[in-house]
Amino acid sequence: MTLTLKSILLSTSLLIATSGGAFAEMVLNRGNTGDPESLDPHKVSTVQEANIMRDLFYGLVMQDAKAELIPGAAESWTVSEDGKTYTFKLRADGKWSDGSPVTAEDFVFSFQRVVDPATAAEYAYMLAPVVNAEAITAGETPKEELGVKAIDATTFEVTLNAPTPYFLEMLTHQATYPVSRANVEALGAEFTKPGNLLSNGPFVLAAFTPNDHLELRKNAEFFEADQVKLDVVNYFPTEDRSAAMKRFEGGELHMNDDFPTEQLADMTAKFGDQVKVGPYLGTYYYVFKLTEAPWDNAELRNAISMAIDRDYLAEEVWQNTMIPAYSFVPPGIEGYQARLASYADMPQIDREDKAVEILTKLGYGPDNPLKLQISFNTSENHNNTAVAIQEQLKPLGIEVSLFNADSVTHFAMLEAKGDFDLARTGWIADYKDPENFLALCKTGTGNNHGDYSNPAFDDLMAKAASSTDPAARMGLLSDAEQIAVAEELCVMPLLHYGYHSVVSDKVAGWEANVMDIHPTRFLSVE
Amino acid sequence: MARFVFRRLMIAIPTLFLIVSISFFLMRVAPGGPFDQEKKLNPVIKANLERLYQLDLPLWQQYLAYLKGLARGDFGPSFSRPEFTVAEILQSGLPVSIQLGALALALALVVGTLLGVIAALNQNRLADYAVIATATAGSTIPTFVIAPLFQLSFALSLKWFPVGGWNDGAFVNQVGPVLTLMLPQLAVVARLMRGSMIEAMRSHHIRTARALGLSDGSVIFRHALRGAVVPVISYAGPAAAALLTGSIIVETVFGIPGIGRYFVDAALNRDYTLVMGTVIVVAVFTIFFNLICDVLYAVVDPRVRYD
């Protein structure tokens, strides 16, 4: 070990700076796009809430810095031969932040709580594969009938309706994290308040002032506490992205999970490789009202789709923070081969010719222009995207009108199966599996806004769901995507989302990944 | 005077009731509800949520339940922040908004009045032009420009103040928000004051005072100012209500935990109870400060009598 003058000076100045306390605490100031609505893992739904939940709680399985699945509260598990029974062995040293052990009983309680209609958990469907889960949520069956069991204090067994190869991925979702039974039963709704909340993850809740900040401190009882370098994590809500960039520049924030994409060039010039951009597991798409003419014609839908210049959208409108999309399932899921639209590789100019050809054949042209209204939720970039598409479709003789409304109004309209031709929406993966996207095209599913229905597709999805061979299953899903998306456009993919965030070069341990998940326990500040 | 105040307070009750009722039903006219979002909820789960918050009851029953709650001082739970009740959200944010707003208001009134008087007494001279120029700039540059400009110049370049954050109300964290809130108000106050002071200095009673040989100071501060300040008082009432209940722009840009943001956020999220809570706060403040104004008229202007 060599001691340079610089390091001696540095350590001396550190000592002076911290006179009073023994050592400086390592603090990470993390910008988060909004406040959590709740700190109850079973009641949260947003990405910014998931960031905090991952720090506080430890589910049966967790994700590492690269968002790969790792053992969490369970140190190991076995799956029965029929793929329906999962037996989790909990860590013997797993503890709540008050020192009490995390037991299989806590997991039974938590899983029952998630599906209980009284909890009204938005993500109750994360446990839908478990026996009786859906009937319990619907209020038809008592919650005690859920297919979960505590064999002993550290053995937890889950029984599923059918083999569900992505069940472990689903268990990385915060809705499946445990809460302490004793704590919740004693305190009721108050259990999430600072001072009350017991957590079993790397951090504990220290303070929460809405619209100000949320403070987490290292959990001394965490089984790998010695590997957690940070003492304090402060989450600052940063709804105003421009203001967040100024706070980042001023050193008040070490990282922020968003920035104004239109400033990408300036930001890269200013911050260099502290600007992080890459693919993210989500798709930005439009849906046609498939039940109404003329949108019920797949040929017409394809003509419109091929005329849209997605490269232009990605480069000019979204400044390369998005990727042109020709499939619903984004790239980045291991073992899955997405099926692209047939025109994905055609030059744009040929595509336009082909589109005109189809439109002419269908009787549309200058004398009989096709009228199309695009509905979207108000946002500058959604608007710019729609305007660009309007311009791109104009030369084909398609008269596009635009209609925007605030988010709630727009999505309420979609949900009510309202009146629209083409509507904007998007999907971010809940877990890393193609099924999470493709299920949206199944007959009668909740987010199937276009009301797509094709028995051949539903059949392939059902076969995939009961398949126990992972490779065969991925093949079936891929075939399903070919029919529903590539050929019939149950959704019209436009762009795959990209993550775009800033991370100070003082922060170590940040790893790029398609889930854009960065558990704070792997981060440190230099 | 006491009778006047009592009468006004009595009128405030039906006024508030009307405001609450109209807002309650207007809010429900907006399409969608608190649980409509990009990722559509499973209908069963949505029904569970609506049952939990009693949104499944007929609207008139919800209205009666809300009024009953209000009568007990219960503003209900927040739909968008189930962690807190509306009362808790207001309790945590309102003091912050009041603190910043009161500082901004006090500064705007004192400095604005002073600048207005200086301008009036130096009409059409350099000092006057300087005040008019400042006032025009202050009232035309929007806060969403002033706030980032402050951050860029005083925080990022000069490093005198933090860019944002509340930091438990540390003095340096308040400077930016207070200045941003104050400037537009200061501009209006200075202009109002200048106009009415010029008029007052030309009035008969001032001429009489001067003819009696009173000193300049006595003429200006004891006689002219008292009459001239009336338009500022009229303005300060609604301005106080607006300032003390927070500003969405200032709070969002500086990251301040006040209640200004909730007006817009709650409406966009269809967080009905939180919208009602903020409406009630603004209504109470508006009624209260209008009353204070009316009382102040009588205090400063001997011609105003309420009995």
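Just so it is clear, the values below take in all heavy atoms, side chains as well, and ignore hydrogens, waters and symmetry mates. Just so it is clear: chains get the letters A, B, ... in the order the sequence lines come, proteins before strands, and each one is counted from 1. The model shown is predicted, which means the values in this text are computed figures rather than measured ones.
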- Under a 4.5 Å heavy-atom cut-off, does chain B meet the side chain of A/Ala244, its backbone, both or neither? neither
- Query: Under a 4.5 Å heavy-atom cutoff, which of A/Glu249, A/Glu134, A/His213, A/Glu190 has the most pairs with chain B?
  - Reply: A/Glu249
- Task: Could you tell me which of A/Lys193, A/His410, A/Met413 has the largest number of non-hydrogen atom pairs under 4.5 Å with chain B?
- Result: A/Lys193
- Item | Distance (rounded to the nearest 0.5 Å) between B/Ile248 CD1 and A/Glu239 CD | 9.0 Å
- Message: For B/Gln61, I'd like to know if atom CD has over 12 heavy atoms of other residues, nucleotides or ligands within 6.0 Å.
- Response: yes
- Using a cut-off of under 4.5 Å for heavy-atom pairs, which of B/Val96, B/Asp265, B/Val163 has the most such pairs with chain A? B/Val163
- Item | Pairwise side-chain contact, A/Pro210 with B/Ser92, heavy-atom cut-off 4.5 Å (strictly under) | yes
- Contact part of B/Leu268 toward chain A, heavy-atom cut-off under 4.5 Å: side chain, backbone, both or neither? both
- Message: Given heavy-atom pairs under 4.5 angstrom as the criterion, report whether the side chain, backbone, both or neither of B/Glu88 touches chain A.
- Response: side chain
- Item | Which portion of A/Ala118 sits near chain B, non-hydrogen atoms under 4.5 angstrom | backbone
- A/Ser242 side, atom OG; B/Phe144 side, atom CZ - distance, nearest 0.5 Å: 12.0 Å
- Message: Is there a side chain to side chain contact (heavy atoms under 4.5 Å, CB included) between A/Arg247 and B/Phe254? Walk through the geometry before answering.
- Response: CA-CA 9 Å; A/Arg247 295 187 75 179; B/Phe254 286 105; over 6 Å; no
- Please state whether the side chain, the backbone, both or neither of B/Leu52 comes within less than 4.5 Å of a heavy atom of chain A. side chain
- Query: Where does A/Glu252 contact chain B at under 4.5 Å (heavy atoms): side chain, backbone, both or neither?
  - Reply: side chain
- Item | Ion pair check, A/Asp406 and B/Arg270, cut-off under 4.0 Å | yes
- Message: Any heavy-atom pair between the side chains of A/Asn211 and B/Tyr262 that's under 4.5 Å?
- Response: yes
- Note on the structure: Honestly, the part of B/Ile256 sitting under 4.5 Å from a heavy atom of chain A is backbone
- Do A/Glu122 and B/Leu49 touch side chain to side chain, with heavy atoms closer than 4.5 Å? yes
- For each of A/Asp35, A/Val408, A/Leu253, tally heavy-atom pairs with chain B at distances under 4.5 Å, and name the one with the top tally. A/Val408
- Message: Let's test your reading of the structure: which of B/Ala155, B/Ala47, B/Pro148 forms the most heavy-atom pairs below 4.5 Å with chain A?
- Response: B/Pro148
- Contact leader toward chain B among A/Thr119, A/Asp40, A/Leu39, where contacts are heavy-atom pairs under 4.5 Å: A/Leu39
- Query: In terms of side-chain heavy atoms, does A/Glu37 have a donor or acceptor partner in B/Ser80 at a distance below 3.5 Å?
  - Reply: no
